[in-house]
Every structure is written in C-alpha cells, then in structure tokens.
Amino acid sequence: MSRQHAALAIVLAGGCLLAGALAAFPQQADPAGSSPPGGIGEAAPPPLDQDSLLARQPTNADEALAATVLMIDLGRPQLARRYLERMVEFLGDDDDQLLALRDKHGPALFLRLARNPALQPLATEVLDRSNRAIAARQRDPQYLDAIIDGLAGTQEQQAVAIVTLEGIGPVAVPRMLQRLDAERSAVDRDTLVYTLVRMGQQVVPALIGSVDAPNPAVQRVAIDSLGWLRAPEAAPKLWRPAFAEGVSPDVRDSARKALARIEGTRGVESASAYGVPQRMKELVLAHFSGKADWRPDEEGLVTVWTWIPERETVGEVRMTPQTASTYVGLQYARDLLAISPGDRTAQALVTAFALAWDAMRVGWDQPLPHGDGTAHDQAVLAGSRPLAAAVAISLERGNAAAALASLQTLAEVATREELLAKSGLESPVLAALNFPDSRVQFAAATTVLQLQPNQPFPGSHRVVEILARALADSGASGLLVIDPNSPRGVTMADFISGVGFHDRTAVATGREGFRIAAERGDIELIAMHVNVIDWELTPTIVNLRADARTAAIPIVVYGPETVAGRVHRLVEQYPLVAFIIEGVEPGFVQNQVRPYFERLATPPLTPEQRADRSAAAAYWLATIARGGNGRLFDLTLAETALADALFVPGAGENALLALASIPTAAAQVRLTETVTNANADLSIRGAAAMQLAMHIQRHGLLIPNRDVALLRQTWETATDPGLQSTLAVVLGTLRPNAELSAERLLRIPSPRPPRPPAP
C-alpha cells in the first residue's frame, strides 16, 4: 500500500478486524441524528451488510473513498465496489464535493480506480464526471482570475500559480490573454510570457491562433512566447508579421526575433524572407488541395485555435477537416498576399478560398452573400482576371467548393472574348465542363450560355450534355472500378459505392476504363487496382490526366499496404490521385475513401434543388432553341431528356419548346405521342399540337402513317374545343388531297341568312 493510500485509510484501518472477530463484536448503530463532525460529503451512514471488514462505517464521501482504496489493497473487490457506490451516494449531484476529493487526493487515484476491472463501469463514470467538473471549473473566469492574480503576488504565490496554470493547460490561455488589459490586471507582460513558456508545448496551438489578434500587445506576447518555445510549426504564422508591409515595428521585431530562435539563427537580422513566399505558397496549396495533415477525432472533427472577435480572445472551434482547411487556408493565403501582393497565384488563392468559405458558411442551398465587404463584392471589384485564375487553380487542385463559387462569380463579370479567346483547357470555364462534379459542370454550362458565344468552340457539345443530364437528374453519381480480377473489382465497387455512389461500373483493363470515363459525363470517381493491365497503372493514369474529358476525375489506386511506396510517386506527381489499402471489410475501405472524395465534391443536391436545377436546365435549352444556336449547340443530344421532361412541373413548357426545335423524326414522333396521350394534361397536349404543326411546317412530315392515323382519330374523338381546333391545324399541315379537302370543306355549315330588318 502506498503512503498516500495508507494515510487515506488511517481513520478506518484502526478499527479493521477480521470477519470472525467482527462477529464477536457487532456494530451498534449511531443515535438518530448523530454523525461524526467534519469530512467531505458528511451524512448519516446508510446500513451496510455484516460482511464488512470495518469496525465503523464511512459517514461521508471522503471516508467512503478511503474505504474503497483499503478494500482494493486488502483484495476485497466486491466490498471496494460497494464502498465506491456509497461514495457516489454521498456525493449526490454536488460536483464541488467531487472536486474537493480530487484536489485533496489527486487525479491519479481516480485513474487507478478506473483501471480496476472489478469497479467497472462505475469507476470510469466517476473519473469522467470528475474530468468534466474540472474542465468546467478551469474555464470559469473567476477561478482563472484567482490563479492569474497569483502571478503578481509573492514569489511563492507566483510559483503556485505557474504550476497550477501548467496543469490546467491551453484552456487557461484565453483568459490569460484577456488579462493583458492593464485596468483589470497587475500582471505584467514579461511575467505572462514567462508563464506561457513554462506551460510548454501544449499551449503552442492557442498561441498560434493568437497571432491574428487585433491588439499588438497580445500579438507580441503570443509571438515572443512562440519564439522562446522554439515551436517550428509556428513559423508560417510569423512570416506575415515579420516580412509584410504595414506591420508595427514592435510586432515586426518580435516576429523576426521569434523566427531567429525557431530557426536557430542569431540576431534579428538573421531572420530572412528568402524563400518565404514559396514555402508559404506550398502550405496554402496543401490546404487548398485537401492534403493538410489533420488528425480527426472519433466524430471526424478537428480542433482549430483561432482569434474570436466576439470574445476578444483566442478560442477553440471544432470543424470538419475540409472546413478547417478552408478556414485556415484562407488565413494563410491572406498572409501570402500581404507578403507578395503582386503574385497572381496568391490573388487567385485568396479569391477562391474566400468565395468557398462564404459558400460553406451560408450553406449550399443559399446564394453567395452580397454586399459591402463580402468576398463576392470584393472579388467582382478585383476584376475577372483573379476570378478566372481562381477557377483554373480550383479545377487543377480538385477543390469543387472553390471552383463552384468562383465560377458563379466569374459569370457576372466575364466577357465573351475571355471565354473564347483561348481554346481547350486554357479556358477555365470550358475546362470546368469536364470537372467531375455535377454542380460545377452545370455552373460552367450556364456561364457559357450567359456569355452568348457566337462562334464554335471546343467542348460545345458538353453544354447540351450537361443540361440534358441536369434535366433528367435522379441524384445518381457514377463510380468506375478498373481491376483485372473481376470478383475483386465488383467487391471494391460495392464497398466504395457505400460512400454515396449509385451507379457503379467495373471493367478489367485500363484501356476500357479510359474509354468509359471519356465517353460518359457522370463518372465522379475512378478506382483502379495497382496491377491494372492493358494499360498498366502508370500509362492509365497518364492517359486519364492527358485527356480534357478525364483530367479532373479523382483517382483512387488500391492494393496491399506493401505497394504504397511504389504508388507514392504517382500520387505526388499527378493531381487528384490517392492510394488506399484494399480490405475485406466495407467500413475499412469507405473510411479511407470518404475523406478523400468528400473534400473534392460539393454536397449532394436535395430533391428541391434537383427540381430547381431541372427547371433551369429546361430554361437554358429553350433559350438555345429560341436563339437559333443549333449550329453551336446540338440539341439532339438532349432529345430523350427533353421528351421525358414534358410532364415535369416547372420544366415541361420549356422542354416542349426545346424539343420542337430539333429537326428530327424522333422529335416529331415525341410531339405526336404527347398530343395523342389521352391521360396527359390538356394544356400540354394543346401546346404540343401547336409545336407539332410548326415542326411539320418547317421540316415536313416525318412521322409514320400509323401516327398520322392516330392524329386523325384523336381529332375526331376530341371533346375539348380548344384541343380539337389545334388538332385541326395539325391535320391541315399534312397537305390533304383534293378529295379530302373537299370532304372537310363540305363540313362547313350552311350559312344562316342575315336577320331580316324589323317591319
């Protein structure tokens, strides 16, 4: 038994007897209302079974805890558990008593109890409760103020305060920085820096977040502390205050001294800006590309320390890795631009990050925020060049959120010449037509149409294909698996589809996989085995990345863990390529794929959003038809989708107009089927009849004789006067022969004589 535990048990162990001796000296109950004075959780002792080894039973939580420890040391786990239960009864809901026990005996005792299997789950629950209570107390401003005030006391008080704050850890930093206000604290700046340094590496993340404080005094405390802690991870946050223009001399000098200490150089002037922009650009691109080294917790979230203006101090914020990279990446991108204001890449990254952050902040179902100071307004004021560059780098790095927000904003300020002056992938808007995210593709297609091109351009067919897919969108996304082992490929397709893919295709060769990926517009992820054949792995990836239609489709290479090093070069050399370890459990595979894919894709559309986009697609297809742009945009590519959308609310009218502009027999047949559909809405049938009549006028009769007979039968049996009249127009366009014309003309009623004049 340890000295501490022996001390805990003195009160009780003195009366400890063997079970047989206790039988000879039975306990007497205390008189009603009497109890020993003092102690934590004092109360009348509840009854305990006669097999207890104690002569006197615990009367408060402190004694019950001592009894628990004693029973453990005596090898009586069942009794130990009963005394632990007694302690919990004494405590009730009073966490102050529990904290008093923790302060008196230390946290190690509670940890020891939690590790004893015989005391589970109660001992773990007690430990968790004490941890929650201590965490709440450590965030209490009054409690922290009392400790921080000790830093301005005697040498002994200061030592106690430092040790206490070191034990509390990072959660004390926000209040410590708030106490820099001279009106509220007598703690001087140097003492605060000394204390933060004594608290060690645990406070580095909080101090990094404090470098963005608007108060130079807080900045200098954070910077000086980071320098003395020699934290290399803090260096990127110190580059802006050290080398950007407009920084106060005191802050700049502190930052340069801190960098000199971190980098192991001597003197303020030894901190050089050489290579800083490039190093910072690499850091920003890592966040922008989703390659930052976040370590999510069990809930898939990470903790970011950042300056919170509303609290006027630093604080913790939990985010998803994608959100964290956008938030932190935007901060670093702004730092990069402050150091290198003329750098076009820095401008593009700030633009893309800022727009993506606003899109995430308000939600994907809402338009980007507009107004003074918003990312949207500042981006359009900066002109189309940074926006176009933002789109380009978003596509190159696979950042779907930034690509979408940048495209939507670029559409407001770009010109037709900017769209068509360059060809192929050099035009970011045209490149976005092949990006493997349906939202981005649709934004690119509508941007093209808003700019009203008047001459052919590469990829013009993709505009109609994208609109057609949006018109008939069921929410499905395509997965392509390439694996020479067919059963394994099918299994991997099933596993990965659990991430959110509805349409999956498995093929055996790299050549076949490339063909499918290039021909289809719905493939959003390609997974291939490391031993793919015809082509092998490297040629398959090279070809996929070289073709404009497949260049931006994310690729996951899977195989045994032993080949990870072999694939590493491809992952680093080509964008949007990752390696995962193949497995026999769906969850194991999905947990590797999900973070990679989710950072590349925007959230799935809700049913309401799909309906809105379907209506918008029909509108744009009808706009093409009205504008007579058939030579630029081949609407036959959307023929089936248009016909299927004729009865879709919100899209039917425009779909009908677009379908009627297609000069094919299939389009005329579809119009005829709509007119003769007795179950369809009369207004749609009448509108289809008018469009059918004009179609026949422009392109001649293209339907077979059986459809002509069906039209005639429908006219003869129609009961609605409006539909019957419109069908008569259709039949009139069929150029009836003389006999039929005479027959129909004779159906004109005989004229009635005019009313005779009144006598």
Side-chain angles (χ1 to χ4, degrees), residues 441-442 445-454 460-473 610-703 707 710-711 714-715 718 720 722-734:
Q441 290 181 2
F442 190 79
T446 56
T447 298
V448 169
L449 294 172
Q450 287 178 45
L451 297 176
Q452 298 180 347
N454 54 11
S460 58
H461 67 285
R462 288 288 294 140
V463 173
V464 177
E465 289 175 349
I466 291 166
L467 295 177
R469 184 185 174 200
L471 189 63
D473 183 20
R610 283 202 301 272
D612 290 343
R613 193 170 72 171
S614 176
Y619 164 80
W620 283 112
L621 290 167
T623 299
I624 293 173
R626 293 188 190 97
N629 286 334
R631 65 186 185 91
L632 296 181
F633 304 107
D634 184 7
L635 288 177
T636 59
L637 299 171
E639 190 175 280
T640 300
L642 287 168
D644 293 341
L646 290 178
F647 303 106
V648 175
E653 185 177 346
N654 282 320
L656 179 61
L657 179 61
L659 180 64
S661 72
I662 301 175
T664 63
Q668 204 168 99
V669 168
R670 292 282 194 170
L671 292 171
T672 303
E673 291 173 351
T674 304
V675 172
T676 58
N677 184 352
N679 297 321
D681 186 85
L682 280 175
S683 62
I684 293 293
R685 294 177 66 191
M690 289 297 298
Q691 294 296 334
L692 176 59
M694 291 187 287
H695 197 279
I696 295 173
Q697 285 179 302
R698 289 194 297 264
H699 309 296
L701 183 63
L702 304 176
I703 56 177
D707 285 345
L710 185 58
L711 281 170
T714 303
W715 168 72
D720 180 78
L723 178 61
Q724 189 177 50
S725 178
T726 308
L727 283 169
V729 175
V730 174
L731 295 175
T733 63
L734 301 182

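- Residues F442 and L467 are in side-chain contact: their nearest non-hydrogen atoms beyond the backbone lie under 4.5 Å apart.
- At least one donor-acceptor pair under 3.5 Å links the side chain of T714 to the backbone N or O of L710.
- The structure places NE2 of H699 at 7.5 Å from OG of S661, a figure rounded to the nearest 0.5 Å.
- In this structure, the side chains of L656 and L671 come closer than 4.5 Å at one or more pairs of heavy atoms.
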N/O donor to acceptor pairs below 3.5 angstrom from side-chain atoms of residues 636-647, sequence neighbours left out:
from : atom 1 : to   : atom 2 : distance (Å)
T636 : OG1    : D634 : OD1    : 2.5
T636 : OG1    : D634 : OD2    : 2.8
E639 : OE1    : T664 : OG1    : 2.8

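- Within the model, atoms CD of Q668 and OG1 of T672 stand 6.0 Å from one another, a figure rounded to the nearest 0.5 Å.
- To the nearest 0.5 Å, the span separating CG on D720 from OG1 on T726 amounts to 8.5 Å.
- Counting heavy atoms from C-beta on, the side chains of L711 and L731 come closer than 4.5 Å.
- Contact detail for S460 and F633: the closest heavy-atom pair is O-CD2, 3.7 Å.
- Counting only heavy atoms from C-beta outward, the side chains of L449 and T623 never approach each other to under 4.5 Å.
- Within 6.0 Å of CD in Q450 there are more than 12 heavy atoms belonging to other residues, nucleotides or ligands.
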Could you give the side-chain donor-acceptor pairs of residues 679-691 under 3.5 Å, partners two or more places apart or in another chain?
from : atom 1 : to   : atom 2 : distance (Å)
D681 : OD2    : S683 : N      : 2.9
D681 : OD2    : S683 : OG     : 2.2
R685 : NE     : V675 : O      : 2.9
R685 : NE     : N677 : O      : 3.2
R685 : NH2    : V675 : O      : 3.1

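- A distance-only check finds a donor-acceptor pair linking the side chain of H695 to the backbone of I662 [under 3.5 Å].
- For H461, there are no ring-ring contact (aromatic ring centres under 6.0 Å, His included) partners, not counting sequence neighbours.
- A617 and A470 make their closest contact through CB-CB, 4.0 Å (heavy atoms, listed as atom of the first residue, atom of the second, distance).
- In terms of the side chain to side chain donor-acceptor pair (under 3.5 Å) criterion, S725 has no residue partners (sequence neighbours excluded).
- Put simply, CD1 on I696 and CG on L702 are 8.0 Å apart, with the number rounded to the nearest 0.5 Å.
- The CD atom of E673 lies 10.5 Å from the CD1 atom of I703; values are rounded to the nearest 0.5 Å.
- Sorted by first then second residue, the salt bridge (Lys or Arg N to Asp or Glu O under 4.0 Å) pairs that include residues 613-628, not counting sequence neighbours, are D473-R613.
- Remark: E653 engages no residue in a salt bridge (Lys or Arg N to Asp or Glu O under 4.0 Å) (not counting sequence neighbours).
- Between atom CD of residue E465 and atom CD of residue Q441 there is a gap of 9.5 Å, rounded to the nearest 0.5 Å.
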